[in-house]
Amino acid sequence: MTTLLAGVAVFTLASAACALAPTTGVLVGARVVQGVGAAALLPATLALVPHLFAEADARARATVFWVATGAISMAVGPLVGGVLIDAVGWRAIFVLNLPVGVVATLLVRAGVPETPRHTHPVDRTGLVTAAATLALLTGGLIDAGSAGWAAPATLGLLGAAVVAGAAYLITARRAAHPMLPPSFFALRVRAAAVASAGLMGFLFYGALFVMSLYFQQMRGWSPGASGVALLPMTVGSTIGPLVPYRPLALRYGHRALLLGGFACCTAGIATLAGAGTRAPYAVLATGLLLIGVSSTMVFSALTSLLIENVPTAQSGLASGVQNTLRQSGALIAVAVLGSLLNTSSPVSRLPAASAALVAVAVIAVTLAAGNLRTADAPLEPAAAAGS
C-alpha cells in the first residue's frame, strides 16, 4: 500500500507541475517525474489483488475488473482530453489529475490494508542497464524517422541499445538478486503472457496513435471530434472484460481467449488497413470496435494467466513485468510508427504503418496459438507459498 500511495502522490504533484510548466523543457521534465509515479502506482494496484482476494474465483473476478478499470479510463481519456483541449487548453488535462489523485489517496487509505513487506536487495546494475536499453532503443527508432535508418546517430543509438541489452542479460545471470530472475520465465505460460503484453501494447496503442493522426491530419478533424471518432475503440475496450470475457473464459479458458483476442484484433487492424483514406466512417468504426474489444480480452487473459502462475510473493514482480512490457510495446509502437509517418506526406506512408501493425498482429496470433498447444506443470506447493 505504501508504494501505491507514494506513486499516487508523485504522479499528482508532477501533474500539477505539468499544468504550471512555463517552457517545453520544464514540461518534459515534469512528464518524466509523472512517469516515475505511474511506474510505481500501476504495478502496485495489480500486486494488491492476490493479497486482497484469497479465493481463486474472487481473484479472477478482481483481475478482470482491474483490466476493465484501465479500459474505462482509456475510453474516457481521449474524449475528455479532446474536449478540454478544445474548450480550455492543454493545461486542463493535467489539472484534471489533481482531484483524481486526492480521491484515490483517500480511497486507498480508507479501504486497503497494509500488505506484508518483503526485503529484497536492489539490483541497481540491472535497473540501469534495462532502462538504458529501452531509452537507447526508443531514441534510435525515433531518430530513424528523421535522419534515416543508415544515419550514424541512428546506428549508434541502436548499437548502444544492443550492447546495453547484452549487459543486462549477462548481469542478470550473474547477480545474486537480479531485478528479474531468469527463472521467472521457467514456465512457458509466463513468458507467453509477458510477451503478449508487449505485443498487445504495440497493437492497441499503435492503432490508437495512427488513427489519432489519421483523423486529425488526414481528415482535418479537431482533437474533440477525433476523440469522439475513437469512441468505438475505447468503448469496445470497456465492453471486452465486463461483458463477454468472464463467461467465455469459464467455458474455454484463458489461453483460448488469448488466441481469440489476438485473432479478433488482427481482423480489426486488417479492416482499418484495407479501408483507405476515404472510407466510410462505419467501416473504420467496425475496425476500431474489434480492436477495442479484443485488446482488453487479451489483457484480461494474460493478466489472469500471470496471476494464476506466480507465487503470491512474486505478484508485484509479475505486475511490474507485465506493465513494463505493455508500456514498452506502446513506446516502441509510437516510435516505429511515428518514424514511418514522419514525412511531408503522411498519407503516402499510411500503408507502411498499417503493414507494420498487421505483421505484429500475425506474430501475436502465432505466439498465442503456440501457447495454446503447450501446457506447463502446476506450481509446486512450496513455490506457490512464496518466492
Side-chain angles (χ1 to χ4, degrees), residues 42 45 61-87 92-93 96-97 100 196-197 199-216 218-219 221-249 257-258 260-275 279-304 326-327 329-330 333-334 337 354 357 361 364:
L42 189 57
T45 57
R61 287 197 301 272
T63 300
V64 171
F65 276 106
W66 181 87
V67 175
T69 302
I72 291 170
S73 68
M74 280 299 302
V76 173
L79 178 60
V80 173
V83 171
L84 286 175
I85 291 173
D86 285 345
I93 63 176
L96 183 63
N97 291 335
V100 174
S196 296
L199 292 169
M200 194 66 244
F202 186 102
L203 293 172
F204 181 84
Y205 293 103
L208 186 63
F209 172 72
V210 170
M211 294 309 295
S212 296
L213 293 179
Y214 172 88
F215 287 124
Q216 293 183 63
M218 300 176 193
R219 292 208 165 182
W221 296 359
S222 69
S226 298
V228 173
L230 291 168
L231 274 179
M233 182 178 182
T234 51
V235 171
S237 67
T238 304
I239 295 172
L242 292 177
V243 180
Y245 185 81
R246 182 67 177 159
L248 290 175
L257 269 278
L258 185 67
F262 274 130
C264 181
C265 183
T266 303
I269 290 172
T271 300
L272 296 179
Y281 178 71
V283 175
L284 301 174
T286 300
L288 292 170
L289 181 64
L290 288 172
I291 295 172
V293 172
S294 64
S295 67
T296 42
M297 291 185 70
V298 167
F299 281 128
S300 295
L302 69 88
T303 303
S304 298
R326 183 184 66 166
Q327 297 296 337
V334 172
L337 299 173
S354 299
L357 285 169

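Across Asp86 and Ser222, no two heavy atoms sit closer than the pair OD2-OG, 3.8 Å. Closest non-hydrogen pair, Leu203 versus Ala364, comes out as CD1-CB, 4.4 Å. In terms of heavy-atom proximity, Ala275 sits nearest to Val283 at CB-CG1, 4.1 Å. Residues Ser237 and Pro241 come closest through the heavy atom pair O-CD, 3.1 Å. Minimum interatomic distance between Tyr281 and Ala229 (heavy atoms only, all atoms of both residues): OH-O, 2.6 Å.
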Next item on the list: Show your reasoning for whether side-chain contact (heavy atoms from CB on, under 4.5 Å) applies to Met233 and Leu272.
Entry: CA-CA 12 Å; Met233 182 178 182; Leu272 296 179; over 6 Å; no

Checklist line | CA sep, side-chain torsions, deciding dist, call: Leu257, Tyr245, side-chain contact (heavy atoms from CB on, under 4.5 Å) | finding: CA-CA 8 Å; Leu257 269 278; Tyr245 185 81; 3.7 Å; yes

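Note: Ile291 CD1 to Leu230 CG = 10.5 Å, rounded to the nearest 0.5 Å. Note that OG of Ser294 is 5.0 Å distant from CE of Met200, once rounded to the nearest 0.5 Å. In this structure, Ser295 OG and Tyr205 OH are separated by 8.5 Å, a value rounded to the nearest 0.5 Å. Here the OG atom belonging to Ser300 is positioned 11.0 Å from the CG atom belonging to Leu248, to the nearest 0.5 angstrom. Between the CZ atom in Phe299 and the CG atom in Leu258 there is a gap of 11.0 Å [rounded to 0.5 Å]. Taken to the nearest 0.5 Å, the CD1 atom of Ile239 stands 10.0 Å off from the OG1 atom of Thr234.
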Quiz: residues 261-271 side-chain donor-acceptor pairs under 3.5 angstrom, not counting sequence neighbours:
{"unit_1": "Thr266", "atom_1": "OG1", "unit_2": "Phe262", "atom_2": "O", "d": "2.8"}
{"unit_1": "Thr271", "atom_1": "OG1", "unit_2": "Ala267", "atom_2": "O", "d": "2.8"}

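Taking the side chain as every heavy atom from C-beta outward, Leu284 and Arg219 approach each other to under 4.5 Å. You'll find the side chain of Arg326 stays beyond 4.5 Å of the side chain of Leu302, heavy atoms only.
By the 30° and 60° cut-offs, the orientation of the rings of Trp221 relative to Phe215 is parallel.
Taking the ring pair (Phe, Tyr, Trp, His ring centres under 6.0 Å) definition, one finds that Trp66 meets it with nothing, sequence neighbours left out.
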